[in-house]
Colleague: 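Can you keep this structure in mind? I'll have questions shortly.
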Amino acid sequence: MRVLMLDQAKCTGCRACEYACSFEHTGKFNPLDSRIKVNEFWEDLTFVPSVCLQCERAYCEEVCPTSALTKNPETGVVELEKEKCIGCKQCIVACPWGSIKLDHTGKEVIKCDNCGGDPACIKVCYPDALSYEEVEDITNVKVLETATRLKEIAKDLVKGGA
Amino acid sequence: MRYLIVGASAAGLNAARTLESLDPQGEITILSAEEVFPYSKMSLPYLLSNKLKKRDYLFLPSPSKANLMLGQRVVDIDVERKKVETGQNKTFSYDKLLITTGAEPYVPDMELEGSPLVLTVRNLSDMDKLKDKLNKSDVKRVILSGAGLVNSEIADALAELNIPGTFVIRSHRMLSQIVDEEGSEFIAERARENGMELITGESIAKVQEEGDHANIFLTSGKVIQGSCVVVGKGVRPSIDFLERTPIKCNTGILVNEYMETSVKDVYAAGDVTESKDLISDEYEMHALWPVAMEQSRIAATNMVGYSWKYPKEVSRNIVNLFGEVVFTGGISKEDAYEVYKEKEGRSYHKILVRDGKLVGFIFVGSVLNPGVYLAAMKNQWDVSHLLNEAIKGALSYSMFKAPMREVVNI
């Protein structure tokens, strides 16, 4: 199973992902129709991309009155079946992260679907803040990252002691 | 372990689903008073407006292992012997009992009750009756007694179908339970644009059948015509069958933070309950679909033997009315604490802030992340530095500092 990975430290705030996402899903370049959002914090000059977490037990799925939202056990994606959606918006209130939302018309519900297994956003992310990885690989990367961080702390401690 | 669930709507089925996954060996029985397979009541107005594309989509996902018994209306519970008796002369034993009987529409005017032209909308059969009346009547206009959430949603569905409606409102405004006077006016304007008529300060005295339509006599003596009358004056929890039991009720069943009633091994969830409100810190009814889902999951988890606490609830509503999204939460119908308002064209925003925390809001028109507003209110995150964003409807999750993210409760 592959998941979208965000490395916030690498994001430059170019927002190319938002345009790519919108174009992939609607054929138009409208950030309001993007499933991914880059949050800008100008005072700290940091940029934080946020995208649907595809929750294990998704709040949006639980409240959907017509079962239009279901978790695909194979891909891990919480999928939205448009045909069944009545537009009641319970899902967008239920998601505490704002990951499932309304499109630019304020009427249709949109959410990240990993572009069916070939995410458009990662293709335009030149700093590699976004990647699409196997869950198993991520675990290894995380272990290595944490170990590296702890190594730095250990080094500092040794220096402090010397 | 034998689990018995009384009531097979959203809460009952979600509880069954949770029990199935947490206790695969458990024996789960669900009793439904209705004869039809459990369906989503929330979607009924969408069935009327045809936004629900197929009737089949109304039905809830069926439980995989639980035994669902239709047409079994519970009449009494023997909490000593742990037995439930139904009107169909059947008895069911349990180790753990969950009550999810929901609520029924309330018709305050006794003389209107029983008339074939006076309808309420709670069940699928009600909606079928309404559709039938609309098809047969020579007058299309629907008379809506009360302008609460249900009737406003019905009016919205009628507007979709180009059928005119007349609200007869005893008070002087629409949605007086969830929005303030200004909010009411914004919505009423949209309602009028969409073919709705508002008669305020009046009630219906009598309904008389005439041919294929109804003559409706108002208290002032005025007579109006319509295909039928839809009464939407709120709901009352279905607790009649608990009369002879020691289970403590106020308007609804009182539950503690574990969703347990005053009687051991008897739990309750959904519209039938009253639980502590986060903002007022008092017992209140939170008869809402998402609350029913959350409460039932927690109740079921605790029935299996865990001790999950149910966080205090906040009221909130999101509805589509006449082309606008109306989103409210917490204290919304009045002004209290620090009040911020913003009006622009067709949109009306209001937030109420207490000690830097969100305690209420109204958004008529655009709001970017409703879920973040609800999370900010439920978790009482500090918004004092985000007031500008908050009133614009632009709060987003990443604006909150990292430590707050770890305690997300929705």
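Per chain, numbering begins at 1; letters A, B, ... match sequence-line order. Because the structure is a prediction, the values reported are computed rather than measured. Computed over heavy atoms, backbone and side chain alike; hydrogens, waters and symmetry mates excluded.
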Colleague: Does the salt bridge (Lys or Arg N to Asp or Glu O under 4.0 Å) test come out yes or no for B/Asp271 and B/Lys41, once each step is laid out?
Modeller: CA-CA 12 Å; B/Asp271 289 9; B/Lys41 300 202 165 164; over 6 Å; no

Colleague: Relative to chain B, which of A/Lys107, A/Lys101, A/Glu83 shows the most heavy atom pairs under 4.5 Å?
Modeller: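 Option with the greatest count: A/Glu83.
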
Colleague: Heavy-atom pairs under 4.5 Å with chain A are the metric here; pick the option from B/Asn369, B/Asn317, B/Ile318 that has the most.
Modeller: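 Most pairs with chain A among the choices: B/Ile318.
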
Colleague: Pairing donors with acceptors under 3.5 angstrom, does anything connect the side chains of B/Asn50 and B/Glu160?
Modeller: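 Short answer, no.
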
Colleague: Let me know if A/Lys37 has heavy atoms under 4.5 Å from chain B in its side chain, its backbone, both or neither.
Modeller: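 For A/Lys37, no heavy atom lies under 4.5 Å from chain B.
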
Colleague: Check whether A/Ser50 gets within reach of chain B through its side chain, its backbone, both or neither, counting any heavy atom under 4.5 Å.
Modeller: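 The answer is neither part of A/Ser50.
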
Colleague: Checking heavy atoms, do the side chain of B/Tyr46, its backbone, both or neither come under 4.5 Å from chain A?
Modeller: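 Interface part for B/Tyr46: side chain.
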
Colleague: Let's test your reading of the structure: which of A/Cys88, A/Ser67, A/Gly98 forms the most heavy-atom pairs below 4.5 Å with chain B?
Modeller: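 Ranked by contacts with chain B, first place is A/Cys88.
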
Colleague: Out of curiosity, A/Asp33 CG to A/Asp103 CG, how far, rounded to the nearest 0.5 Å?
Modeller: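 Between A/Asp33 CG and A/Asp103 CG, I get 5.0 Å after rounding to 0.5 Å.
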
Colleague: Which bit of A/Cys91 is near chain B, if near means a heavy-atom gap under 4.5 Å: side chain, backbone, both or neither?
Modeller: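 Contact with chain B involves no heavy atom of A/Cys91 at all.
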
Colleague: By a 4.5 Å heavy-atom criterion (distance strictly below it), what part of B/Met42 contacts chain A: side chain, backbone, both, or neither?
Modeller: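 Contact with chain A is through the side chain of B/Met42 alone.
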
Colleague: Check each atom of B/Ser396 against the heavy atoms of chain A and say whether the ones under 4.5 Å are side chain, backbone, both or neither.
Modeller: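 The answer is the side chain of B/Ser396.
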
Colleague: List in chain and number order the residues that pass ring pair (Phe, Tyr, Trp, His ring centres under 6.0 Å) with B/Tyr373, two or more places apart in sequence or in another chain; answer none if no residue qualifies.
Modeller: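 If we apply the ring pair (Phe, Tyr, Trp, His ring centres under 6.0 Å) test to B/Tyr373, skipping adjacent residues, the hits are B/Phe361, B/Phe363.
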
Colleague: Go through the atoms of B/Lys54 and report whether side chain, backbone, both or neither lie under 4.5 Å from a heavy atom of chain A.
Modeller: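 The answer is the side chain of B/Lys54.
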
Colleague: Using non-hydrogen atoms only, which part of B/Val325 is less than 4.5 Å away from chain A: side chain, backbone, both, or neither?
Modeller: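 Just the side chain, heavy atoms under 4.5 Å.
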
Colleague: Answer yes or no: is there an ion pair linking A/Glu152 with A/Arg149, defined by an N-O contact shorter than 4.0 Å?
Modeller: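 A/Arg149 and A/Glu152: not salt-bridged.
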
Colleague: Considering only heavy atoms, which portion of B/Leu60 lies under 4.5 Å from any heavy atom of chain A: side chain, backbone, both, or neither?
Modeller: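 The answer is the side chain of B/Leu60.
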
Colleague: For A/Tyr19 and A/Phe29, take the angle between the two ring planes, folded into 0 to 90°, and tell me which bin it lands in: parallel under 30, tilted 30 to 60, perpendicular over 60.
Modeller: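 Judged by the thresholds at 30° and 60°, the geometry between A/Tyr19 and A/Phe29 is tilted.
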
Colleague: List the atom of B/Val314, the atom of B/Leu374, and the distance in Å for their closest heavy-atom pair.
Modeller: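 That would be CG2-CD1, 3.6 Å.
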
Colleague: Rounded to the nearest 0.5 Å, what separates atom CG in B/Asn14 from atom OG1 in B/Thr18?
Modeller: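 So the CG of B/Asn14 and the OG1 of B/Thr18 are separated by 4.5 Å.
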
